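Because the structure is predicted, anything quoted here is derived from the model rather than measured. We name chains A, B, ... by the order of the sequence lines, and we start the count at 1 in each one.
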Number of protein chains: 2
Amino acid sequence: MNIKPEYCKVHDALSILVGKWKPIILLYLMSEGTMRYGELKKTLVGITPKMLTNQLRELEEEGLIHREVYREVPPKVEYSITEYGMTLKPILDSMHEWSMKHKKRKLKNTMD
Amino acid sequence: MNIKPEYCKVHDALSILVGKWKPIILLYLMSEGTMRYGELKKTLVGITPKMLTNQLRELEEEGLIHREVYREVPPKVEYSITEYGMTLKPILDSMHEWSMKHKKRKLKNTMD
DNA sequence: TCCAATAGTATCCTTTTACATACTATATAT
DNA sequence: ATATATAGTATGTAAAAGGATACTATTGGA
């Protein structure tokens with residue numbers, strides 16, 4: 001265990017999951033296999049196109065998802081989870097399990 | 001699995017771990033048991049007093065750590081992990097394990 | 001009487017995230 | 001010729017997170 005946050009191993013895993021929509025995008029792709037841009041946009045209620053593109057690009061840069069472009073008109077782009085992305089599943093699972101067991105939702109969130 | 005990030009269970013666990021120094025503070029308290037403010041300050045190289053207090057207060061609000069004030073002069077305050085805080089250990093462990101296995105540190109980070 | 005030690009506050013500033021809204025390119029079908 | 005569908009860009013703003021630096025209260029001991 002080291003001193004600076006960047007040297008903390010936990011920080012490495014955490015940092016690639018941080019982003020308002022990243023975990024949920026990963027979860028969807030993990031369970032759906034493949035989704036088109038528009039499909040994701042419809043699913044992630046409230047996300048702006050800019051934000052969606054941004055989150056997808058960052059996940060892609062990390063090698064967690066794959067972006068497949070079909071050269072058609074109108075355009076078609078499919079996103080899918082990579083094998084590497086799949087390695088995050090145990091982490092997401094442990095968080096999901098923890099939340100189910102322990103998290104009493106806070107008042108400020110009940111209204112959303 | 002739901003649509004808005006706040007409804008995603010993973011988000012609950014994630015959100016309480018997010019904060020530049022939170023995971024590392026939790027890890028230290030988990031392994032050391034109890035630490036004084038100044039001890040944490042010395043350990044977390046580069047943290048400002050404001051930031052340290054802020055992170056500690058947020059962890060305390062979540063019930064993850066306990067703050068024990070000794071009414072002495074000079075002041076003495078001890079921080080310790082709570083039982084509830086300890087429930088996060090499996091998550092931190094899974095992240096640590098993942099990082100050890102998979103994370104090839106990126107170039108931009110090697111210089112820090 | 002003044003200093004040291006501890007656990008913070010107070011203020012101001014910079015950087016990073018996220019949100020809102022409007023706009024674009026292009027082949028096909030009408 | 002024009003509208004359509006899709007996957008984005010562009011631009012500007014607001015909110016949250018984090019950083020730098022200086023300051024405070026207390027009191028037992030020199």
So what is the end-to-end bend of the helix from C:dT1-D:dA30 to C:dT30-D:dA1, with 5 pairs used at each end and the value given to 10 degrees?
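The helix from C:dT1-D:dA30 to C:dT30-D:dA1 shows an end-to-end axis angle of 30°.
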Spell out, as yes or no, whether a donor-acceptor pair under 3.5 Å connects the side chain of [X] to the backbone of [Y].
X       : Y       : result
A:Tyr37 : A:Pro49 : yes
A:Ser99 : B:Val10 : no
B:Glu39 : B:Arg36 : yes
A:Thr82 : A:Gly63 : yes

Rounded interatomic separation in angstrom, taking [atom1] from [X] and [atom2] from [N]:
X       : N      : atom1 : atom2 : result
A:Leu56 : D:dA7  : CG    : P     : 11 Å
B:Lys41 : D:dT21 : NZ    : P     : 13 Å
A:Glu68 : D:dT6  : CD    : C1'   : 17 Å
B:Arg71 : D:dT26 : CZ    : P     : 10 Å
A:His11 : D:dG18 : NE2   : C1'   : 12 Å
B:Glu72 : C:dG8  : CD    : P     : 13 Å

Under 3.5 Å, which protein N or O atoms sit close to an N or O of nucleotides 1-7 of chain C? Give each pair with its distance.
{"residue": "C:dT6", "atom": "O3'", "partner": "B:Arg36", "partner atom": "NH2", "Å": "3.0"}
{"residue": "C:dT6", "atom": "O3'", "partner": "B:Pro75", "partner atom": "O", "Å": "2.7"}
{"residue": "C:dA7", "atom": "OP1", "partner": "B:Arg36", "partner atom": "NE", "Å": "2.9"}
{"residue": "C:dA7", "atom": "OP1", "partner": "B:Arg36", "partner atom": "NH2", "Å": "2.9"}
{"residue": "C:dA7", "atom": "OP1", "partner": "B:Val77", "partner atom": "N", "Å": "3.3"}
{"residue": "C:dA7", "atom": "OP2", "partner": "B:Gly38", "partner atom": "N", "Å": "3.0"}

Could you list the donor-acceptor pairs under 3.5 angstrom formed between side-chain atoms of residues 70-78 of chain A and any protein atom two or more places apart in sequence or on another chain?
{"residue": "A:Tyr70", "atom": "OH", "partner": "A:Glu78", "partner atom": "OE1", "Å": "3.0"}

Show, in sequence, the C-alpha distance, side-chain angles and deciding distance for A:Leu64 and A:Ile81, and conclude whether the side chain to side chain contact (heavy atoms under 4.5 Å, CB included) test is met.
CA-CA 6 Å; A:Leu64 301 168; A:Ile81 195 90; 5.5 Å; no
Kindly compute the distance separating CH2 (A:Trp21) from CG (A:Leu56), expressed to the nearest 0.5 Å.
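The CG atom of A:Leu56 is 12.0 Å from CH2 of A:Trp21, to the nearest 0.5 Å.
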Out of curiosity, B:Lys42 NZ to B:Met35 CE, how far, rounded to the nearest 0.5 Å?
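Those atoms lie 9.0 Å apart.
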Look at the side-chain heavy atoms of Ile, Leu, Val, Met, Phe, Trp and Tyr, link any pair under 4.5 Å apart, and say whether B:Met30 and B:Met100 land in one connected group.
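No: no chain of side-chain contacts under 4.5 Å links B:Met30 to B:Met100.
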Are B:Glu60 and B:Glu58 close enough, and set up right, to give a side chain to side chain contact (heavy atoms under 4.5 Å, CB included), and what steps lead you there?
CA-CA 5 Å; B:Glu60 192 194 359; B:Glu58 288 183 14; over 6 Å; no
Scan nucleotides 11-24 of chain C nucleotide by nucleotide, 5' to 3', and note B when protein non-hydrogen atoms come under 4.0 Å of the base, S if they reach only the sugar-phosphate, - if neither.
BB-----SBB----
Would B:Ser80 and B:Leu29 count as a side chain to side chain contact (heavy atoms under 4.5 Å, CB included) if you check the C-alpha gap in whole Å, the side-chain angles of each, and the deciding distance to 0.1 Å?
CA-CA 6 Å; B:Ser80 56; B:Leu29 294 183; 5.8 Å; no
A:Lys9/A:Asp12 under side chain to side chain contact (heavy atoms under 4.5 Å, CB included): CA gap, chis, key distance, verdict:
CA-CA 5 Å; A:Lys9 276 292 168 190; A:Asp12 287 346; 3.7 Å; yes
Indicate every side-chain donor-acceptor pair of residues 90-97 of chain A with a distance under 3.5 Å to a residue at least two apart or in another chain.
{"residue": "A:Asp93", "atom": "OD1", "partner": "A:Lys89", "partner atom": "NZ", "Å": "3.4"}
{"residue": "A:Asp93", "atom": "OD2", "partner": "A:Lys89", "partner atom": "NZ", "Å": "3.2"}
{"residue": "A:Ser94", "atom": "OG", "partner": "A:Ile91", "partner atom": "O", "Å": "2.8"}
{"residue": "A:Ser94", "atom": "OG", "partner": "B:Ser94", "partner atom": "OG", "Å": "3.2"}

Quick one: which protein N/O atoms are closer than 3.5 Å to N/O atoms of nucleotides 1-3 of chain D? Pair and distance per line, please.
none

